[in-house]
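Notes follow once the structure below has been shown.
Chain letters run A, B, ... following the sequence lines, proteins first and then strands; every chain starts at 1. Quick caveat, the model's predicted, so the values are computed rather than measured.
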Protein chains: 2
Amino acid sequence: MKEQVIDKKTAIIEAALKLFTERGFHGTSTAQISKEAGVATGTLFNYFPTKEDLINSLYFKVKGQLSQSMGKEIEAQSPFQDKLRKIWSNLIKWGVDNQEEFLFVGQFCSSPYITKFTREEVMKEYVFLHDLVNQGIKTGVIRDFSAELTIAMFCQASRALVNLILDSDSSQDKNKFIEDGFQIIWKGLAKN
Amino acid sequence: MKEQVIDKKTAIIEAALKLFTERGFHGTSTAQISKEAGVATGTLFNYFPTKEDLINSLYFKVKGQLSQSMGKEIEAQSPFQDKLRKIWSNLIKWGVDNQEEFLFVGQFCSSPYITKFTREEVMKEYVFLHDLVNQGIKTGVIRDFSAELTIAMFCQASRALVNLILDSDSSQDKNKFIEDGFQIIWKGLAKN
DNA sequence: TCTACAATTGACTGATTAGTCAGTTACACT
DNA sequence: AGTGTAACTGACTAATCAGTCAATTGTAGA
């Protein structure tokens, strides 16, 4: 019973992710989502009271997965540069391996359908990056610019790199791109 | 007569820009656009055969304005770094001064409603940035990474900065942000 | 087997959509 | 003034929309 519930809810979320990414929010009808998920329209509205609730749940879930992946395998005692490099490659590998989710976040991060509440809840999961950067500034490893500026440049640069990898043919060396990209952003941020 | 024509077409384009940015493509009806523009629905379809034609025209126009602004006041004989700094500040000032257009481009650059044809036409106007970067690599002023990587990092970083300026309260010093941002990206790209 | 109840269904509704088109207006040229 | 024509209008249509709800299903516990 519980398994069934989770299954249908997951199926709806996955169908919505696929279709929202392909056709946008208003471009995708609840009927299409239900059909893709293999459930009745009524079932969708049983789990998500409105279409907006659905996209907010989806956004929250995907952003959570991203922040989870970002922080993976960071060793507390390793040098600052290695931590940042690991975050960098985590971000990029997440985007490349979860193309739909990556495009979804890009399309909806500044969309009016995502409520302020959802946005704020999501933000809470990114505190650790903020802390890390502030620590890097305080210990003099990276240059003393505003932490917001540093983080924004870092994160957007990682998105640029994912787009590049997704656009380029697969024969190109992904890891070369990732390391080259890190060389650019690290040299830009590092103190010496 | 000719003036009237241009006026109505412009009014439609401007209304569409505002509403598409606020509510998205499918979230904005042609009736809403017509009303905002102060024309009848029929008039809209007189100038743009379909809603998709409208958004493609709009995208082409806005991207054209961006590429125009980007290349402004670049002096041929000035050092490479100054050229790049000027492009950087041009990009950011365009985004800050043309907020609606900036958000529109961000929202629709990877949207399915923009046709491949429009995308390719737009690309043609960005050749000069590609040429400049290649020249910078050849003369050894910037590091020898793929030109696509360099341009992608540069352009996305500029978008990150505009977002930051738009989000921050207006009391903060805009020019400080712009110069700090350039310091990061320039140090990242430059050879020494 | 029977009961109770949550999960699920899909036909349905009133509202809204992109796009049409027959008719009106405004103006240039004679 | 009269004529031709391009711009413009907005009521209209068939299709589609988000969301509802009475009816059905599946199943856990008695």
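- Regarding A/K51, its NZ atom lies at a distance of 8 Å from the P atom of D/dG19, rounded to whole Å.
- Within 4.0 Å of A/S29, counting heavy atoms only, lie sugar-phosphate atoms of the nucleic acid but no base atom.
- When each of A/G27 and B/A40 is assigned the nucleotide of DNA chain D bearing its nearest heavy atom, the one mapping closer to the 5' terminus is B/A40.
- Under a cutoff of 6.0 Å and an axis angle of 45°, A/K51 and A/Y113 do not form a cation-pi pair.
- Residue B/T30 has a polar side-chain atom (N or O) positioned under 4.0 Å from OP1 or OP2 of C/dA18.
- What separates CZ of A/F45 from C1' of D/dC21 is a distance of 13 Å, to the nearest Å.
- In this structure, B/N46 places its CG atom 14 Å from P of C/dG19, rounding to the nearest Å.
- Heavy-atom nearest nucleotides on DNA chain D were determined for A/Q32 and for A/P49, and the one closer to the 5' end corresponds to A/Q32.
- Whole-Å rounding puts the B/H26 NE2 to D/dA18 P distance at 11 Å.
- Side chains of A/T43 and A/N46: a donor-acceptor N/O pair is absent below 3.5 angstrom, by distance only.
- Using bins of under 30°, 30° to 60° and over 60° for the plane-to-plane angle, the ring pair A/F108/A/F104 lands in the tilted bin.
- Checking the phosphate oxygens (OP1, OP2) of C/dA6, no side-chain nitrogen or oxygen of A/K8 falls inside 4.0 Å.
- The shortest distance between the side-chain N/O atoms of B/Y47 and the OP1/OP2 oxygens of D/dC8 is below 4.0 Å.
- Regarding A/I33, its CD1 atom lies at a distance of 17 Å from the P atom of D/dT16, rounded to whole Å.
- Separating the CD1 atom of A/I12 from the P atom of C/dT8 is a distance of 8 Å, rounded to the nearest angstrom.
- When the side chains of ILVMFWY residues are joined at heavy-atom separations under 4.5 Å, either directly or via intervening members, B/F20 and B/L166 end up in a single hydrophobic cluster.
- Heavy atoms of A/T50 sit under 4.0 angstrom from primed sugar atoms or phosphate atoms, though from no base atom.
- Spacing between atom NZ of A/K9 and atom P of C/dT8 amounts to 12 Å, rounded to whole angstrom units.
- Distances shorter than 4.0 Å separate none of the side-chain N or O atoms of B/T41 from OP1 or OP2 on D/dG10.
- Atoms CG (A/L44) and P (D/dA18) sit 10 Å apart, rounded to a whole Å.
- Between the side chains of A/Q183 and A/E179, at least one donor-acceptor pair of N or O atoms lies under 3.5 Å.
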